[in-house]
Amino acid sequence: MTARVQTAADLEAYRKKVQAKGDSQRKTISVCAGTGCCAFGAMKLAAAFEQALSERKLQDQIQLRLTGCHGFCERGPLVVFHPEGLLYQRVKPDDVSEILDETIAKGVIIERLLYQDAQGQTYQKEDEVPFYKNQMRVLLAHNGLIDPTSIDDYIAVGGYRPLARVLNEMKPEEVCTTIKKSGLRGRGGGGFPAGVKWESCRAAPSQDGIRYIICNADEGDPGAFMDRSLMEGNPHSVIEGMIIGAWAIAHPGRPEGYVYIRHEYPLAVERLGIALQQARDMGFLGKNILGSGLGFDITINRGGGAFVCGESTALMTSIEGFVGEPRAKHIHTVESGLYDKPTNLNNVETWANVPLIIERGVEWYTSIGTGDVSDNPWGGSKGTKIFALVGKVNNTGLVEVPMGATLRHIIYDIGGGIPGGKKFKAVQTGGPSGGCLPESLLDLPVDFDKLTEVGSMMGSGGMIVMDESTCMVDLARYFINFLADESCGKCVTCREGLRQLGIIVKRICAGEGREEDIQLLSDLSQTVAEASLCALGNTAPNPLLSTLKYFREEYEEHVKEKKCRAKVCKALITFTVIEENCTGCLLCKKKCPSQAISGEKKKVHSIDQGKCIQCGVCNDVCKFNAIRVE
Amino acid sequence: MDAKKLNTILDKYRREPSALLAILQDIQDEENYLPKDTIRQVAGELGVPLARIYALSTFFSSFSLEPRGKHICTVCMGTACHVRGAPRLVEHIEREFDVPAGQTTPDMQLTLETVNCVGACALGPLVILDGEYHGNMNPAKLDRVFRPLKKKE
Ligand SMILES: Cc1cc2nc3c(=O)[nH]c(=O)nc-3n(C[C@H](O)[C@H](O)[C@H](O)COP(=O)(O)O)c2cc1C
Ligand code: SF4
Ligand code: SF4
Ligand code: SF4
Ligand code: FES
Ligand code: FES
């Protein structure tokens, strides 16, 4: 099959055609079909819309569009009506008829489907909702607008124009310089300047001209989904970034592309696969792309659920079909990476920034963010960053803000604060390599360097908010166990050190901690950090050390007073019935899995402490607040 | 796995040893686990040591060397789900079905697995039963999710 678009002029002609076809004034119902909304039944909802539209013979006047993640997954399934921008949330198939007959036909707003904030105020328009209004959405700008399975939609909003510009007007070296000047730093964790990496990879000798261009879509941080949403919602932006990278890094050699994507993201794999095929059909991948002489294609590799495979060298070993073990750092992957060829690896979000920088220019890009990168690419953090704001926060979802936004802005202005009137305790950034920051640091501007200074890190963008009901010792135990499980086992310090740290923290949580344990934790952490080969081991103690630093009193309480103030550590809590509140409704007795509750109808119940296994079910089911946990 | 199916998978990847991971994933997608005889055949066909296949299939958490149950329940143990109470969910299911995480009930009805984040963190804590996602779970709500399963027993 010959490519449909062979030159930049062809592309512009094609764009005019798709833009003319898609009438922007035509009413559109956009249903979010990202992983989150699908989990809430978005596909059934879309089917209901389709059926209801055809029953009313409206399918020609009103188009139904399935989009990628809008970021506000918690309120899913989301439906946005264009051109008005009206947002309905938590929409069910049963609402569909009413929506068509009232809202679409008569313009009547259905109050119960509007978003309502914690203060009770409702909002009609998507862009007025504080969650969206306080963001700066440039990478996510098109996520809620375009159908990710339609390359025409992407082209209609200007897609692949940056690629055409690069291939026609810019030398590969110029592109590297542009990316370097933009100050774009890697979004996968390390914050290494992308342009510097590209230049080194370009400069590395390759006898047969092969250079590998890889996208790291392993997104191993458990509690983050920025990359997932980009791939599901706007896969072509990532692909376009990679093609530009192939030109900049490898032309006129032989670039070959890979996307290494975690298998837990079936929808992203599917959408990316569709997008790649469309790009091939259009002629953006394959031979002689847009007449430039560049030949490039991209293969998808699925990971197997190992965190360490997100590490650059482990990822490459895994693509080669071996167990993903990291290797020594002194061999640089830009010179000798995949199959020992020069290899350039960047994160999904890093790649998605590239077309934007080309389209809108270095000046625009460097106007966003912190510091000065004009003669030092490490001099600041530029552009926006997407965070996965999750945990104990009112508005959970994906949040894009300029670098340098404060934690407070993200958690309170956008996130709407802590639910249920509880008190903020900490925010965890940087995933398993990062740290927990206390309330006193809420005004910290978030960028690569500031977060590192306080003992955490940017990581890939996970931001987990915790309130007073999260135990910091338990959280440290969680991360240590996670990392001990995920350690590839090559280094003794990482494999055994983490196991020992896990045993000590477990002991503390079980109320069997010893006074010297806290010091032991710090000492052992240092050894693990210093003597391990890869960044997994080097950064593994961060969650532990940061909680020791900022929440030491909780450790001390566990050890000395045998108390867990968050009421999480089972060995340190008891469940009892509050006599004044108990109505004798029998519910807890029925639900208790260990028959620890006795009582008769309409009489106060009581819990046999010898039988109670602290599962908390009684507290979940009691409607009268009659269970005391202490 | 029958020879024809296996050959289709091997041919799809041109019998390249570098595609081993993808081949194993396709086999597991078909069979729900990696049958012993099949991986022996794969080793022979691709000319790679059996030990390498075992290394891969034990290293990656997505592989199972044991047959899995008729129903598969996956509890997310990512950080976002953890802070919202995921550990209690696992314990609850372990108790209700008398099966430790990572294993299958003796009657082969249910396999209980855990996963580190499926990217739907905003819905946490999350339980996936036979591909269907159930968000904002707690032990009491879980009983409802599992009701159809309990009935069949
Ligand atoms: C244990 C470990 C896990 C990692 N996981 C990921 C990941 O899931 N995604 C990612 O993009 N980078 C991950 N990284 C960082 C990569 O090694 C690498 O720095 C990054 O992909 C480079 O791309 P960037 O410069 O665009 O950020 C991980 C690093 C380590 C040490
Ligand atoms: S630090 Fe840990 S994960 Fe990294 S190579 Fe060593 S053992 Fe493997
Ligand atoms: S559920 Fe609450 S009110 Fe009902 S018997 Fe138990 S403790 Fe009493
Ligand atoms: S915590 Fe669990 S075991 Fe203990 S009384 Fe309540 S329901 Fe029963
Ligand atoms: S999946 Fe719909 S908003 Fe995220
Ligand atoms: S942490 Fe459970 S879905 Fe992400």
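Lettering follows sequence order; numbering is per chain, from 1. When reading the values below, keep in mind they use all heavy atoms of this one structure, side chains included, and skip hydrogens, waters and symmetry mates. Fair warning: this is a prediction, and the values are worked out from it, not measured in the lab.
- Between the side chain of B/Ser61 and the backbone N or O of A/Gly305 there is at least one donor-acceptor pair closer than 3.5 Å.
- No other option in A/Phe322, A/Phe482, A/Tyr265 has as many heavy-atom pairs under 4.5 Å with chain B as A/Phe322.
- For B/Asp98, the CG atom is loosely surrounded, since the number of other residues' heavy atoms within 6.0 Å does not exceed 12.
- Side chains of A/Glu486 and B/Asn116: a donor on one and an acceptor on the other come within 3.5 Å.
- Chain B forms the most heavy-atom pairs under 4.5 Å with one residue out of A/Val621, A/Val568, A/Asp620, A/Asp467, and that residue is A/Asp620.
- Of the atoms belonging to B/Val115, it is side-chain heavy atoms, and not backbone ones, that fall under 4.5 Å from chain A.
- Contacts between A/Ile319 and chain B at a heavy-atom distance below 4.5 Å involve the backbone alone (N, CA, C, O).
- Environment of NZ in A/Lys490: crowded, with over 12 heavy atoms of neighbouring residues, nucleotides or ligands closer than 6.0 Å.
- Under a 4.0 Å N-O distance rule, the pair A/Lys591/B/Asp143 qualifies as a salt bridge.
- A/Cys488 and B/Phe59 make their closest contact through CB-CE1, 4.1 Å (heavy atoms, listed as atom of the first residue, atom of the second, distance).
- With a threshold of 4.5 angstrom between heavy atoms, A/Ala224 approaches chain B through N, CA, C or O but not through any side-chain atom.
- With sequence neighbours excluded, the residues satisfying ring-ring contact (aromatic ring centres under 6.0 Å, His included) with A/Tyr478 are B/His82.
- Judged by distance alone, with hydrogens and angles left aside, the side-chain atoms of B/Gln25 form a donor-acceptor pair with the main-chain N or O of A/Arg302 at under 3.5 Å.
- Scanning all heavy atoms of the two residues, the minimum distance from B/Gly78 to A/Pro222 falls at CA-CB, 3.6 Å.
- A distance of 7.5 Å separates CZ of B/Arg95 from OG of A/Ser594, quoted to the nearest 0.5 Å.
- Here B/Val83 is the residue among B/Thr58, B/Val83, B/Leu21 with the most heavy-atom pairs under 4.5 Å with chain A.
- Note: B/Cys121 SG to A/Ile464 CD1 = 7.5 Å, rounded to the nearest 0.5 Å.
- At a 4.5 Å heavy-atom cutoff, A/Cys37 makes no contact with chain B through either its backbone or its side chain.
- Heavy-atom minimum distance, B/Leu56 versus A/Gly321: CD1-O, 3.6 Å.
- The side-chain contact (heavy atoms from CB on, under 4.5 Å) test with B/Cys117 singles out one residue from A/Glu264, A/Arg262, A/Glu219, and that residue is A/Arg262.
- With a threshold of 4.5 angstrom between heavy atoms, B/Ala55 approaches chain A through its backbone and through its side chain.
- Neither the backbone nor the side chain of A/Asn395 comes within less than 4.5 Å of any heavy atom of chain B.
- In this structure, CD on A/Gln614 lies 12.0 Å from CZ on B/Arg88, to the nearest 0.5 angstrom.
- A/Glu74 has its side chain out of reach of B/Leu123: every pair of non-hydrogen atoms, C-beta onward, lies at least 4.5 Å apart.
- Of the listed residues (B/Glu91, B/Arg52, B/His92, B/Glu16), the greatest number of heavy-atom pairs within a distance under 4.5 Å of chain A belongs to B/Arg52.
- Within a 6.0 Å radius of NZ in B/Lys5, more than 12 heavy atoms belonging to other residues, nucleotides or ligands are found.
- Checked against side chain to side chain donor-acceptor pair (under 3.5 Å), A/Glu232 has the following partners two or more places apart in sequence or in another chain: A/Thr35, A/Arg228.
- Summarising the geometry of A/Tyr339 relative to B/Ser18, their closest heavy-atom pair is OH-CB, 3.3 Å, with the distance given to 0.1 Å.
- When heavy atoms are compared at a cutoff of 4.5 Å, B/His134 does not approach chain A at all.
- Between B/Thr79 and A/Phe479 the shortest side-chain heavy-atom distance falls below 4.5 Å.
- Looking at B/Phe60 and A/Cys309, their side chains come closer than 4.5 Å, going by heavy atoms from C-beta outward.
- Note: A/His263 leads A/Glu325, A/Arg75, A/His263 in heavy-atom pairs under 4.5 Å with chain B.
- Between the B/Arg84 side chain and the A/Val390 main chain, no donor and acceptor come within less than 3.5 Å of each other.
- Pairing each heavy atom of A/Ala39 with each of B/Tyr133, the nearest pair is CB-CB, 3.3 Å.
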